[in-house]
Amino acid sequence: MTYSTHTMPDGRAIAFHQTPGAGPGVVFLGGFKSDMTGTKAQFLQGWAEAHGRAFLRFDYTGHGASSGAFEDGCIGDWARDAIDIIAEKTTGPQILVGSSMGGWIGLLVARAMPERLAGFIGIAAAPDFTEDSMWAGFGAEQRADLLNKGRVELPSDYGDGPYIITRKLIEDGRNHLVLRDDLHLNVPVRLLQGSADVDVPPSVAQTLFDHLQGQDIRLVLVKGADHRFSSPRALALLANTLQEIET
């Protein structure tokens, strides 16, 4: 894949791919341990090219082609990556499309730079998952390992080897929770969720829907769709949602 790299003043090298076009731009925010080569990211690039729209996809530090090690990162780091690359590489309002963890990152971006927000699409968005899913789901032995050894390993169906969950990830996550305080989004918000998602169940989407405050917020539950949300039907819904937000 062809990509560019932007080096931040502190040395972080963020890999990204940008499609020039008209605004509002679209920014894809990937999930936990995923990268910008995934099906949804590339689908959105194709959509942007077909519609003459500006589009940005990128890798968080420790992900894909960006610098750093995954185990060294945390929610605050990855939110900073997103905020910085959006500030550096885009102009004007943007529609944020956040997948899974990217939904949480997108909400942090929206909170940090609301003036740059034109819309928000969450795909199986997973706000606060380090606390409400990981920590809440750990048994006593796992919690002890995390606190004493600094890490635990969780099985993964999506990559090579287990997920390494660090104490830093859990503790930093508590500094970036978005479901404990008021969360206003005064732009169109669409939450797309599969009914067959076992990684981020529909109850999470309902909780986020209930918590969000704004004038144009919708939750769409797709029967039979799983966490990947990458079937032709799901991708067509994503494209239609983008076009509907614009009009």
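In this text, all values refer to a predicted model and were calculated from it rather than measured experimentally. Just the heavy atoms: all of them, side chains too, but no hydrogens, waters or symmetry mates, feed the values below.
- Rounding to the nearest 0.5 Å places OG of Ser67 at 8.0 Å from CG of Asp81.
- Rounding to the nearest 0.5 Å gives a distance of 10.0 Å between OG1 of Thr7 and CG of Asp10.
- Through side-chain heavy atoms spaced under 4.5 Å, either directly or across other Ile, Leu, Val, Met, Phe, Trp or Tyr residues, Val204 is tied to Val200.
- A heavy-atom distance below 4.5 Å is found between the side chains of Val189 and Leu212.
- Considering only heavy atoms from C-beta on, Lys223 comes within 4.5 Å of Ser195 through its side chain.
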Identify all side-chain donor-acceptor contacts of residues 214-222 below 3.5 Å with residues at least two apart in sequence or on another chain.
residue	atom	partner	partner atom	Å
Asp216	OD1	Arg190	NH1	3.0
Asp216	OD1	Arg190	NH2	3.1
Asp216	OD2	Arg190	NH2	3.3
Arg218	NH1	Glu244	OE2	3.2

- Could you check Tyr163 against Val152 for side chain to side chain contact (heavy atoms under 4.5 Å, CB included), going step by step and ending with a plain yes or no? CA-CA 8 Å; Tyr163 287 146; Val152 293; over 6 Å; no
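- A distance of 12.0 Å separates OG in Ser99 from CD1 in Ile105, rounded to the nearest 0.5 Å.
- Of all heavy-atom pairs spanning Ile85 and Met8, the tightest one is N-CE, 3.8 Å.
- Summarising the geometry, atom OG1 belonging to Thr91 is positioned 12.5 Å from atom CD1 belonging to Ile86; distances are rounded to the nearest 0.5 Å.
- Taking both residues in full, the closest heavy atoms of Gly73 and Leu169 are given as O-CD1, 4.4 Å, listed atom of the first, atom of the second, then distance.
- Side chain of Ser231 to backbone of Ala234: a donor-acceptor contact under 3.5 angstrom is found.
- Looking at Asn148, its side chain does come within 3.5 Å of a backbone N or O of Ala144 through a donor-acceptor pair.
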- side chain to side chain contact (heavy atoms under 4.5 Å, CB included) between Gln213 and Leu183, worked out: CA-CA 6 Å; Gln213 300 175 49; Leu183 188 56; 6.0 Å; no
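- Between the side chains of Thr61 and Asp77, no donor N or O sits under 3.5 Å from an acceptor N or O.
- With 3.5 Å as the limit, one finds a donor-acceptor pair spanning the side chains of His227 and Ser100.
- For residues 175-221, no residue pair satisfies the ring pair (Phe, Tyr, Trp, His ring centres under 6.0 Å) rule, not counting sequence neighbours.
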- Task: For the pair Arg12 and Asp84, evaluate side chain to side chain contact (heavy atoms under 4.5 Å, CB included) and give the outcome as yes or no after the intermediate values.
- Result: CA-CA 10 Å; Arg12 283 173 295 142; Asp84 288 350; 2.6 Å; yes
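- In this structure, the side chains of His51 and Gln243 come closer than 4.5 Å at one or more pairs of heavy atoms.
- Side-chain N or O atoms of Lys89 include none that pairs as donor or acceptor with a backbone N or O of Leu56 at under 3.5 Å.
- We find the CG-CD1 distance between Leu154 and Ile165 to be 4.5 Å, quoted to the nearest 0.5 Å.
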- Item | Pair Tyr3-Phe58, side chain to side chain contact (heavy atoms under 4.5 Å, CB included): steps then yes or no | CA-CA 9 Å; Tyr3 63 87; Phe58 68 97; over 6 Å; no
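- To the nearest 0.5 Å, the span separating OG1 on Thr241 from CG on Leu235 amounts to 11.0 Å.
- Looking at Leu44 and Phe55, their side chains come closer than 4.5 Å, going by heavy atoms from C-beta outward.
- Shown here are the side chain to side chain contact (heavy atoms under 4.5 Å, CB included) partners of Ser230, two or more places apart in sequence or in another chain: Thr39, Lys40, Arg228.
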Report, one line per pair, each donor and acceptor closer than 3.5 Å where one atom sits in a side chain of residues 106-122; sequence neighbours left out.
residue	atom	partner	partner atom	Å
Arg116	NE	Gly92	O	2.8
Arg116	NH2	Thr90	O	3.2
Arg116	NH2	Thr90	OG1	2.6
Arg116	NH2	Gly92	O	2.9

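- Judged by distance alone, with hydrogens and angles left aside, the side-chain atoms of His63 form a donor-acceptor pair with the main-chain N or O of Lys33 at under 3.5 Å.
- Closest heavy-atom contact between Met36 and Gln42: O-CG, 4.3 Å.
- Looking only at side-chain heavy atoms (C-beta outward), Trp104 and Phe129 come within less than 4.5 Å of each other.
- Asp145 places none of its side-chain heavy atoms less than 4.5 Å from the side chain of Phe138.
- Under the 3.5 Å distance criterion, the side-chain polar atoms of Tyr60 are matched with a main-chain donor or acceptor of Gly30.
- Listed by first and then second residue, the salt bridge (Lys or Arg N to Asp or Glu O under 4.0 Å) pairs involving residues 122-135 are Asp128-Arg180, Glu131-Arg174, Asp132-Arg180 (not counting sequence neighbours).
- Here Phe70 and Trp78 bring their ring centres to under 6.0 angstrom of each other.
- By the rule that hydrophobic residues join a cluster once side-chain heavy atoms approach within less than 4.5 Å of another member, Ile164 and Trp135 end up as members of separate clusters.
- When atom types are taken as modelled, the side chain of Ser66 and the backbone of Asp59 share a donor-acceptor pair closer than 3.5 angstrom.
- Of the possible donor and acceptor atoms, none in the side chain of Arg57 sits under 3.5 Å from a partner among the backbone N and O of Phe28.
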